[in-house]
Amino acid sequence: MKKLPLSFFLRDDVVLIARELLGKVLVTAWNGIVTSGRIVETEAYAGESDNASHASRGKTKRTEVMYNDGGIAYVYLCYGIHQMFNIVTNVKGIPHAVLIRAVVPMQGIDVMLERTGKKVADATLTRGPGKVGKAFGFHTSQCGQMLTGNETYIGDDGFPVDENDIAVSSRIGVAYAGDHALWDYRFYVRGNSSVSGSRS
DNA sequence: TCTATGATCCCCT
DNA sequence: GGGGATCATAGAT
């Protein structure tokens with residue numbers, strides 16, 4: 001399987017990147033323990049001018065990792081419980097990011113079950129960003145990790161995603177962002193049972 | 001220092 | 001379909 005090159009993440013259209021990440025494969029291999037899954041739901045966060053983005057308040061200790069060149073991980077804690085995994089995009093100085101909201105498990109399902117404390121692998125295993133973070137073993141200490149290395153990367157196995165199967169909607173859980181909450185920045189594979197929220 | 005709050009999920013009814 | 005878990009961050013004191 002090919003890895004997506006750094007140039008994929010350095011482009012300036014974060015919304016396009018979020019859309020193109022559908023069907024790609026997220027792989028982590030901490031200490032040689034491999035888990036992977038096909039990305040079926042993403043959200044774009046478009047920098048300081050986007051009120052739903054953490055970067056809307058400018059550069060802080062938490063958000064500074066987004067100001068680096070793309071192709072690295074932005075991992076943060078939400079609601080005190082959930083490790084959320086984001087992909088930083090665009091070039092140095094522009095804090096764009098794509099949140100991975102849901103994947104379909106591929107490799108290492110037994111490891112994911114162990115990490116999430118589940119008994120059986122059903123469609124809820126990696127449905128929702130908090131569970132993706134947990135199943136793949138992400139932690140805020142992995143903030144800034146390269147996504148083009150051997151421990152963590154985004155793969156392309158040529159899996160085709162039909163344009164007609166790609167659905168668009170407003171982002172989830174960002175009502176505080178006012179009008180920006182209405183932007184069509186969420187992309188998902190229509191009808192896929194691993195997609196969180198509305199999937200029709 | 002102190003306090004409010006969230007890019008969520010699970011369990012309960 | 002409603003509320004509690006649980007804590008780092010940011011902005012206020």
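As the structure is a prediction and not an experimental result, all values here were calculated from the model. Naming convention: chains lettered A, B, ... in sequence-line order (proteins, then strands); numbering from 1 in each chain.
Defined by atom type and a distance below 3.5 Å, a donor-acceptor pair is present between the side-chain atoms of A:Thr35 and A:Thr28. Side-chain contact annotation: A:Gln142 with A:Tyr74, donor-acceptor N/O pair under 3.5 Å absent. A donor and an acceptor atom, one from each side chain of A:Arg186 and A:Ser169, are located under 3.5 Å apart.
If you take NZ of A:Lys61 and P of C:dC7, they are 19 Å apart, rounded to a whole angstrom. Atom pair A:Asn51:CG and B:dG6:P shows a separation of 14 Å (rounding to whole Å applied). Here B:dA7 presents its C1' atom at 10 Å from CE of A:Met66, a figure rounded to the nearest Å. In this structure, A:Met84 atom CE and C:dT9 atom P are separated by 15 Å, rounded to whole Å. Between the CD1 atom of A:Ile100 and the P atom of B:dA7 there is a distance of 17 Å, given to the nearest Å. Atom NZ of A:Lys59 is separated from atom C1' of C:dA10 by 17 Å (rounded to the nearest Å). Rounding to whole angstrom units, CD1 of residue A:Ile87 and P of B:dA7 are separated by 19 Å. In this entry the distance linking OH of A:Tyr76 with C1' of C:dA10 reads 15 Å, nearest Å.
Interface remark: the A:His54 side chain does form a donor-acceptor pair with the B:dA7 base, using a distance-only criterion of under 3.5 Å.
Both A:Lys118 and A:Phe85 lie close to DNA chain B; mapped to their nearest nucleotides by heavy-atom distance, the more 5′-ward contact belongs to A:Phe85.
Phosphate proximity of B:dT8 to A:Arg127: absent, as no side-chain N or O sits under 4.0 Å from OP1 or OP2.
The nucleotide whose nearest atom lies closest to any side-chain atom of A:Ile81 is, among C:dT6, B:dC10, B:dT8, C:dT6. Counting only heavy atoms from C-beta on, A:His82 has its side chain closest to B:dC9 among B:dA7, C:dA10, B:dC9. Among the nucleotides B:dG6, B:dC9, C:dG11, the one closest to the side chain of A:Arg57 is C:dG11.
Nucleic acid contact class of A:Gly80 (heavy atoms, under 4.0 Å, all strands): base. Nucleic acid contact class of A:Arg62 (heavy atoms, under 4.0 Å, all strands): sugar-phosphate only. When heavy atoms are screened at a 4.0 angstrom cut-off, A:Leu77 is found touching the sugar-phosphate backbone but no base atom.
Contact of the A:Val25 side chain with the A:Asp156 side chain is not registered, since no non-hydrogen atoms from C-beta on lie closer than 4.5 Å. Contact annotation: the side chain of A:Leu22 approaches that of A:Thr42 to within less than 4.5 Å [non-hydrogen atoms, C-beta and beyond].
Base-pair partner of C:dG4: B:dC9 (Watson-Crick or G-U wobble, both distances under 3.5 Å).
Residue ring and base: A:Tyr176 does not count as stacked with B:dG6 (centre distance below 5.5 Å and interplanar angle below 30° not both satisfied).
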